[in-house]
2 protein chains.
Amino acid sequence: MKLSKKAEYGMRAMVAMGRAAAGTTFSIQDLAANENIPLKFLEQILLVLKNAGLLRSKRGVGGGYQMQRPANDVPLREIVEAIDGPFDPIGCVQGSRPGKSCECGIAGGCGLGRTMSELRDMVQTWLTETTVAHIIAREAPPQMMSFDI
Amino acid sequence: MKLSKKAEYGMRAMVAMGRAAAGTTFSIQDLAANENIPLKFLEQILLVLKNAGLLRSKRGVGGGYQMQRPANDVPLREIVEAIDGPFDPIGCVQGSRPGKSCECGIAGGCGLGRTMSELRDMVQTWLTETTVAHIIAREAPPQMMSFDI
DNA sequence: TTCATTGTTGATTGATTCTATCGGGATTGG
DNA sequence: CCAATCCCGATAGAATCAATCAACAATGAA
């Protein structure tokens, strides 16, 4: 069970933007080059993130993308869900198909559906609480050469 | 991000077997019919679960599959990993590619990889601690008609 | 105005994976 | 022997994924 490449690229792009000062503008080209993401692929991704309200854009010379919110206010869940849709281990968890019963046909939901909804909730909570800033904070700190022998 | 249908069917089959007394034998046909799983598809799945050490089988008349261990000793992780492989949000988490560095090329791993390995560990822990018996315990209890007006 | 720069959009392709299905083969008990 | 049952490999159709292509629209500078 993996995230799509799109979602990964989307997170990498957001992290790259989140590292810079608020208001910094990035062209798709620069992001693609720096993060090793196929240019035309990244185009689609940033557009989705823009439509999801995570980015704003400006066209023309000197244009590009900016973050709408600071990195510590961008949950990974918003990025991942905008691109890949919600995390949902099986198509049978409670509340995942409004108005429809579990596809197993058991009224009130089956044990598997109930159990998997626990996993879903746990993952979604983590994705909500973990932000772009969290990722940046976990990047390798600059080497402290003086502590090496 | 979803589990495969195979993994879901595998869990449903294991749950069905786990409900019965230890040592009960099930034919593929019965399981397929009761759980609404395509017969030839279930064949493949049960074979994988057998090779993973979760089931034992007996051929010929009166044969079928049995669980190797009681339901409370079968973590969902064993079922899911045998069929779908390990949960791994991106192909860049620490330790997921032995001997290889993160595909992002950053020595020591990138922040995204470190962060996603936290999610991976959380999910794998849950899958390890949650068993087939857990699912069965969450199935709808028999209706208590006497308490309805 | 003109033009290069940059984002926007839809279509398309090629590869891969998913979800099965098919056809037989091997083993066992009666 | 034979019927039931598991075992195994190949195949096929559909869906999804990853990426590319081609053309368009807006912006700001010269």
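Each chain gets a letter, A, B and so on, in the order the sequences are listed, and its residues count up from 1.
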At under 4.0 Å between heavy atoms, what does B/I28 touch on the DNA or RNA strands: base, sugar-phosphate, or nothing? sugar-phosphate

So, is A/K50 close to the C/dT8 phosphate, meaning a side-chain N or O under 4.0 Å from OP1 or OP2? yes

Between C1' on D/dA18 and NZ on A/K2, what's the gap in Å once rounded to a whole number? 15 Å

Of the nucleotides C/dT27, C/dG7, C/dA20, which one has an atom closest to the side chain of B/R59? C/dT27

Does D/dC7 have OP1 or OP2 sitting under 4.0 Å from an N or O in the side chain of B/Y65? yes

Of the non-hydrogen atoms in B/G18 and B/I136, which two are nearest, and what is the gap between them? C-CD1, 3.5 Å

Check this for me, if you would: do A/E129 and A/R77 make a salt bridge, where the nitrogen-to-carboxylate-oxygen distance has to be below 4.0 angstrom? no

Check the phosphate of C/dT8 against A/S57, side-chain N and O only, distance under 4.0 Å to OP1 or OP2. Yes or no? yes

Is any side-chain N of the basic residue among B/R138 and A/E118 closer than 4.0 Å to the acidic one's carboxylate O? yes

Quick one: do A/E139 and B/R114 make a salt bridge, cutoff under 4.0 Å? no

How many Å lie between NZ on B/K5 and C1' on C/dT21, as a whole number? 17 Å

When A/V61 and A/F41 are each assigned the nearest nucleotide of DNA chain D, the 5'-most assignment goes to A/F41

Tell me: CG of B/L31 to P of D/dC6, nearest whole Å? 9 Å

Comparing B/L46 with A/K6, nearest DNA chain D nucleotide closer to 5' gives the residue B/L46

Contact class for A/Q44 vs. all strands (heavy atom < 4.0 Å): base, sugar-phosphate, or nothing? base

Report yes if a side-chain nitrogen or oxygen of A/Y9 is closer than 4.0 Å to either non-bridging phosphate oxygen (OP1 or OP2) of D/dA18; otherwise report no. no

Between CD1 of B/I45 and C1' of D/dC6 the distance, given in whole Å, is 15 Å

B/L39 CG to C/dT19 C1': how many Å, rounded? 15 Å

Just verifying a value: how many Å separate A/R12 CZ and A/E35 CD, rounded to the nearest 0.5 Å? 7.5 Å

Protein-nucleotide distance (B/E8, atom CD; C/dT19, atom C1'), rounded to Å: 13 Å

Once you round it to whole Å, what is the distance between C1' of C/dT21 and CD1 of B/I37? 16 Å

Check the distance between D/dC8's C1' and B/N51's CG and give it to me in whole angstrom. 11 Å

N/O donor-acceptor pair, side chain B/K40 with base C/dG23, under 3.5 angstrom: yes

NA contact type, A/E43, heavy-atom cut-off 4.0 Å: base, sugar-phosphate, or nothing? base

